[in-house]
Number of protein chains: 2
Amino acid sequence: MKKEALSSSSSGCKTRILAIKDTMEILTGKWKFHIIGSLMLFEKLRFMELLREVDGIGAKMLSKELQDLEMNHLIRRTVLNTKPLTVEYELTDCGRTLGPIIDEIAKWGITYRKTLYHKSETSESLV
Amino acid sequence: MKKEALSSSSSGCKTRILAIKDTMEILTGKWKFHIIGSLMLFEKLRFMELLREVDGIGAKMLSKELQDLEMNHLIRRTVLNTKPLTVEYELTDCGRTLGPIIDEIAKWGITYRKTLYHKSETSESLV
DNA sequence: CAGGATCCTTTACGATACTG
DNA sequence: CAGTATCGTAAAGGATCCTG
């Protein structure tokens, strides 16, 4: 993968566009927002709990997404010395700063279903 | 792809999580937010302009993403009867309701670079 | 100019099994 | 329980050529 210093901004008005690109590079994939949203709601979750909570995800994907998020300092992974071992995941302070984004996305999702989805209910446009 | 009536909500507190899932299903991929962000800034853009604006995207992907967005009524495609023909893309009213999300994402991206990126500058964590 | 057709490579994602 | 290994499919992404 190429990487050009996380889009070194240029024309100023492009800063905004590049910021969007940066953010989305970190939050890429079907699952990241969903995982973060769950952790925002439940504070701490273990692997199996996340597996149930983030519905549809498989163990491999979850594992990989959690590693991505941890590398970007958005979540913290804590191994508890229990037997058999358990692991807790929680948002870091930085992860919590995603709150406003998650809020807007959730808000829009709710509205979208109400105002727009019925328009294409009979078509396949949302599939 | 399966589809279960766009996650018919259940326990109430899960509405929020499911709304996130719904939204992200419509806005999947690396490019959608980027495209919408560009259209939000420039009002109207032609295919070639988008190709330049959404940096890194190829013609095939752009074409496909634009179709997705149009199917979901987020953008409008207008063919102008010029010669050679030109096409304009712009946000619909519904597309414009994504404004707050885009704003938060852009805002976070700017902050993220300032506060967090330098922490992992020497590692590969963002690659 | 706006894109579709084709071909090919690389990730993303998923199901099943297996280990500390 | 918390994952990794392995295998396989489906999309993403790129290059080149082609058409209205």
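To find a chain, count down the sequence lines: A is the first, B the second, and so on, and within it residues start at 1. Values in this document were obtained by computation on a predicted structure and should not be read as measured data.
In terms of polar N and O atoms assigned as donor or acceptor, the side chain of Lys60(B) comes within less than 3.5 Å of the base of dG14(D) in a complementary pairing.
Contact annotation: Ser63(B) reaches the phosphate of dG4(C) (side-chain N/O to OP1 or OP2, under 4.0 Å). Between Tyr89(B) and the phosphate of dG3(C), there is a side-chain N or O to OP1/OP2 separation shorter than 4.0 Å. OP1 or OP2 of dA11(D) has not a single side-chain nitrogen or oxygen of Lys64(B) nearer than 4.0 Å. The phosphate of dG3(D) has neither OP1 nor OP2 within less than 4.0 Å of any side-chain N or O from Gln67(A). The phosphate of dG3(D) has OP1 or OP2 within less than 4.0 Å of a side-chain N or O from Arg77(A). Residue Trp31(B) places none of its side-chain N or O atoms closer than 4.0 Å to OP1 or OP2 of dA12(D).
Following rounding to the nearest Å, Met61(B) (CE) and dG4(C) (P) show an atom-to-atom distance of 12 Å. Rounded to whole angstrom, the span from the CZ atom of Phe47(A) across to the P atom of dT19(C) amounts to 18 Å. The CG-C1' distance, from Asn81(B) to dA2(C), rounds to 15 Å in whole Å. In this structure, Leu51(A) atom CG and dA15(C) atom P are separated by 11 Å, rounded to whole Å. For the pair Leu66(B) CG and dA12(D) C1', the interatomic distance rounds to 16 Å; values are reported in whole Å. Distance, Glu88(A) CD to dA2(D) P: 10 Å, rounded to whole Å. Taking atom CG of residue Leu50(A) and atom P of nucleotide dA2(D), one finds them 9 Å apart after rounding to whole Å. The interatomic distance linking Ile57(A) (CD1) with dT16(C) (P) rounds to 16 Å, in whole Å.
To the nearest 0.5 Å, atom CD of residue Glu43(B) and atom CD of residue Glu88(B) are 11.0 Å apart. Of the inter-residue distances, the one linking Leu39(A) atom CG with Leu50(A) atom CG reads 5.0 Å to the nearest 0.5 angstrom.
Residue Glu65(A) places its side chain closer to dC13(C) than to any other of dC1(C), dG3(C), dC13(C).
Residue contacts for Gly29(A): at a heavy-atom cut-off of 4.0 Å it reaches the sugar-phosphate backbone alone, with no base atom in range.
Hydrophobic clustering of Ile, Leu, Val, Met, Phe, Trp and Tyr side chains at less than 4.5 Å, counting indirect connections, unites Phe42(A) with Leu51(A).
Lys32(A) places a side-chain N or O within 3.5 Å of a backbone atom of Thr28(A) that can act as its donor or acceptor partner.
Between Leu85(B) and Lys30(A), it is Leu85(B) whose nearest contact on DNA chain C lies nearer the 5' terminus.
By the 4.0 Å N-to-carboxylate-O rule, Glu104(B) lies close enough to Lys107(B) to be salt-bridged with it.
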